[in-house]
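The structure displayed is predicted, hence computed values, not measured ones. The first residue in the sequence is number 1, and the count goes up from there.
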Amino acid sequence: MSSPAPARPRPVHQAADLLAAYLPGSFYYSSARGSMLADGVYSPVQAAPGRRARAAAEVLDAALVAGVTEPVVAGAIGFRPDAPSSLVVPAVVRRAGPPTRSGPVAPLGGSWSVSPRPAPAVYTTAVTRALDEIRDGDLRKIVLARCLDVTGGDPVAVPRLLARLVHADPAAHAFAVDVSAPGDPAPRTLIGASPELLVSRRGRIVTANPLAGSRPRVADEAENASRVSELLASGKDRAEHAHVAAQVAEVLGRFCVDLEVPAEPEVIGTPTMWHLSTRISGRLADPGDAGSSALALAEALHPTPAVCGVPTGLARDTIAALEPEDRGYYAGLVGWTDPTGDGEWVVTIRCAEVRDRTVRLFAGAGVVAGSDPEAELAETGAKFGTMLRALGLEGVA
């Protein structure tokens with residue numbers, strides 16, 4: 001009788017090693033929950049909007065039957081219902097702990113040209129039109145976005161840009177996803193460091209952390225303290241935030257028992273912004289149902305009023321009418337789900353799409369009754385700061 005083969009030890013990876021091993025075309029994701037680097041495509045996940053979670057569960061089951069070790073579905077989904085997705089079961093997945101702060105990463109260097117899309121005056125005009133819609137109709141909130149196209153003399157070094165994002169804020173949800181589509185003249189990478197957790201699932205425990213209502217962060221700590229106090233006292237920002245938190249709680253309430261929703265928001269900070277934040281948690285009523293996987297919950301939540309508006313359908317149609325540039329994957333979702341249904345998905349904000357020599361940055365601002373068009377323009381400029389700082393271009397927006 002032959003003795004069983006000795007178990008092969010699982011390799012132990014370090015977060016810094018995974019980041020250093022990233023190459024364009026890989027899937028990278030890191031948060032306080034840990035780091036993941038995935039390469040290759042074992043199987044794509046193709047399904048209509050609203051059915052992606054079921055399709056993901058079926059592909060994961062097939063991968064397990066085929067002997068794939070610890071498969072995950074990973075990738076990104078765009079903003080609109082008909083937007084593309086890049087969901088795949090990777091061929092190789094490596095995991096490590098969360099990243100830690102380390103020494104500075106060399107800047108990308110070179111000269112850059114910056115083109116706003118649309119022009120600032122066109123954006124403020126769109127905000128004014130949105131305010132007219134809010135005053136005269138059923139629209140209560142809308143998030144309007146704009147872009148910056150930043151173009152260099154050489155192809156953008158995506159691994160270095162990702163490393164700068166991660167080292168600048170290890171607590172952020174950092175990601176780099178290949179979103180190339182047939183016919184693209186060059187590979188496209190969706191890259192960013194999102195502060196906003198759409199939904200996380202661990203066993204029966206579900207957590208969401210919607211953000212809405214913002215102020216720019218500055219170097220002077222006394223001024224920061226003043227801005228935090230102002231944000232907490234702002235009726236306009238608290239109303240904007242309440243729209244988001246209420247909808248997230250309503251959606252999660254369909255799946256969860258013992259839902260905990262704080263009565264008051266708190267303020268959280270990133271290196272460039274302050275945000276009103278509500279951390280919502282609950283226990284799944286039926287964790288064994290594929291319809292309550294992390295991806296299913298993310299699909300049910302998307303898009304939240306933090307990136308779209310209230311009511312959702314009207315806001316989305318108004319965005320399509322007022323924004324001249326297609327959002328693509330901006331204000332969508334990015335993350336991963338495993339065969340148990342556990343996973344983590346974040347809102348794709350503080351992000352950009354990189355294609356060859358050009359980085360297209362995105363930023364949006366929530367418009368409600370009482371909003372000021374120039375203030376919303378300034379808010380989007382501040383939100384560009386995360387990506388501009390990583391590019392070494394602070395202050396150009």
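- The structure places CZ of Arg217 at 10.5 Å from NE2 of His275, a figure rounded to the nearest 0.5 Å.
- Looking at Val72 and Pro90, their side chains come closer than 4.5 Å, going by heavy atoms from C-beta outward.
- Of the possible donor and acceptor atoms, none in the side chain of Glu376 sits under 3.5 Å from a partner among the backbone N and O of Val367.
- When the side chains of ILVMFWY residues are joined at heavy-atom separations under 4.5 Å, either directly or via intervening members, Leu197 and Ile268 end up in two distinct hydrophobic clusters.
- Ion pairing between a basic and an acidic side chain is recognised when a charged N comes within 4.0 Å of a carboxylate O; Arg215 and Asp237 show such pairing.
- Side chain of Ser86 to main chain of Gly75: no donor-acceptor pair is present (N/O by atom type, distance under 3.5 Å, no hydrogens or angles).
- At least one side-chain heavy atom of Leu301 sits under 4.5 Å from a side-chain heavy atom of Leu252.
- Between Leu148 and Leu388, the closest side-chain pair of non-hydrogen atoms falls below 4.5 Å.
- Residues Ser31 and Glu344 bring a donor and an acceptor atom of their side chains to less than 3.5 Å of each other.
- Between the Arg350 side chain and the Ser194 main chain, no donor and acceptor come within less than 3.5 Å of each other.
- Taken from CZ in Arg283 to SG in Cys256, the straight-line distance is 9.5 Å, to the nearest 0.5 Å.
- The shortest heavy-atom contact between Pro170 and Ala168 is CD-C, 4.0 Å.
- Side-chain contact check for Ser277 and Asn209: at least one donor-acceptor pair (N or O, by modelled atom type) lies under 3.5 Å.
- Ion pairing of Arg254 with Asp286 is absent here, as no side-chain N (NZ or NE/NH1/NH2) approaches a carboxylate O to less than 4.0 Å.
- Contact check for Leu165 versus Met387: side-chain heavy atoms found under the 4.5 Å cut-off.
- Side-chain contact between Val267 and Leu276: present, with at least one pair of heavy atoms (C-beta onward) separated by less than 4.5 Å.
- Under a 3.5 Å cut-off, the side chain of Arg327 and the backbone N or O of Gly332 do not form any donor-acceptor pair.
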Please evaluate residues Arg360 and Arg355 with respect to the criterion side-chain contact (heavy atoms from CB on, under 4.5 Å), reporting the C-alpha separation (whole Å), side-chain torsions for both, the decisive distance (0.1 Å), and the verdict.
CA-CA 8 Å; Arg360 171 163 285 190; Arg355 181 187 301 176; over 6 Å; no
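- Side chains of Leu131 and Ser371 form a contact here, defined as non-hydrogen atoms less than 4.5 Å apart.
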Quick one, Arg202 with Asp342, criterion salt bridge (Lys or Arg N to Asp or Glu O under 4.0 Å). Give me CA distance, side-chain angles, the key distance, then yes/no.
CA-CA 5 Å; Arg202 288 189 179 187; Asp342 284 2; over 6 Å; no
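- Partners of Tyr330 according to the ring-ring contact (aromatic ring centres under 6.0 Å, His included) rule, which considers only residues two or more places apart in sequence or in another chain, are Phe362.
- When all heavy atoms are compared, the tightest approach of Val158 to Pro24 is CB-CG, 4.2 Å.
- Counting only distance, with no hydrogens or angles, the side chain of Arg201 and the backbone of Gly203 share a donor-acceptor pair below 3.5 Å.
- Atom CD1 of Ile319 and atom SG of Cys308 lie 4.5 Å apart (nearest 0.5 Å).
- A salt bridge links Glu240 with Lys236; the closest basic N to acidic carboxylate O contact falls under 4.0 Å.
- Hydrophobic cluster membership differs between Leu60 and Phe27, with clusters built from Ile, Leu, Val, Met, Phe, Trp and Tyr side chains linked at under 4.5 angstrom.
- Taking CD1 of Ile280 as the start and OG1 of Thr207 as the end, the distance is 10.0 Å to the nearest 0.5 Å.
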With salt bridge (Lys or Arg N to Asp or Glu O under 4.0 Å) as the criterion, how do Arg54 and Glu58 come out once you've worked through the C-alpha distance, each side chain's angles and the decisive distance to 0.1 Å?
CA-CA 6 Å; Arg54 294 286 181 181; Glu58 292 170 2; over 6 Å; no
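- One finds the CD atom of Glu325 at 7.0 Å from the CG atom of Asp149 (value rounded to the nearest 0.5 Å).
- Inter-residue side-chain proximity for Pro210 and Thr304 is flagged as unmet; no heavy-atom pair is nearer than 4.5 Å.
- Here CH2 of Trp345 is found 12.0 Å from CZ of Phe175. Values are rounded to the nearest 0.5 Å.
- Between the Asn224 side chain and the Val218 main chain, a donor and an acceptor come within less than 3.5 Å of each other.
- Looking at Arg33 and Ser200, their side chains do bring a donor and an acceptor atom within 3.5 Å of each other.
- Considering all non-hydrogen atoms of both residues, Val244 and Ala306 come closest at CG2-N, 3.4 Å.
- The side-chain contact (heavy atoms from CB on, under 4.5 Å) test with Tyr123 singles out one residue from Thr380, Leu322, Thr128, and that residue is Thr380.
- What you find for Lys141 and Leu139 is that their closest heavy atoms are O-CD1, 3.5 Å.
- Gly309 approaches Ala315 most closely through the heavy-atom pair CA-CB, 3.5 Å.
- Few gaps surround CG on Asp220; more than 12 heavy atoms of other groups in view lie less than 6.0 Å from it.
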Working note: Glu133 + Arg129, criterion salt bridge (Lys or Arg N to Asp or Glu O under 4.0 Å); need CA distance, chi angles, decisive distance, verdict.
CA-CA 6 Å; Glu133 296 282 347; Arg129 291 176 59 189; over 6 Å; no
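- A donor-acceptor pair under 3.5 Å is formed between the side chain of Glu196 and the backbone N or O of Leu211.
- Looking at His302, its side chain does come within 3.5 Å of a backbone N or O of Phe79 through a donor-acceptor pair.
- In the model, His241 has a side-chain atom that pairs as donor or acceptor with a side-chain atom of Thr278 under 3.5 Å.
- Between the side chain of Arg146 and the backbone N or O of Pro118 there is no donor-acceptor pair closer than 3.5 Å.
- In the displayed structure, Arg80 atom CZ is contacted under 6.0 Å by more than 12 heavy atoms of other residues, nucleotides or ligands.
- Judged by distance alone, the side chain of Ser234 and the main-chain N or O of Glu230 form no donor-acceptor pair under 3.5 Å.
- Between Arg95 and Glu70, none of the side-chain N atoms (NZ, or NE/NH1/NH2) sits under 4.0 Å from a carboxylate O, so this pair counts as no salt bridge.
- Counted by atom type alone, Thr358 and Thr151 present one or more donor-acceptor pairs between their side chains at under 3.5 Å.
- Residues Tyr329 and Thr348 share a closest heavy-atom pair of O-OG1, 2.6 Å.
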Quick one, Arg164 with Leu391, criterion side-chain contact (heavy atoms from CB on, under 4.5 Å). Give me CA distance, side-chain angles, the key distance, then yes/no.
CA-CA 8 Å; Arg164 284 177 63 82; Leu391 289 164; over 6 Å; no
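- Contact annotation: the side chain of Leu87 never approaches that of Val59 to less than 4.5 Å [non-hydrogen atoms, C-beta and beyond].
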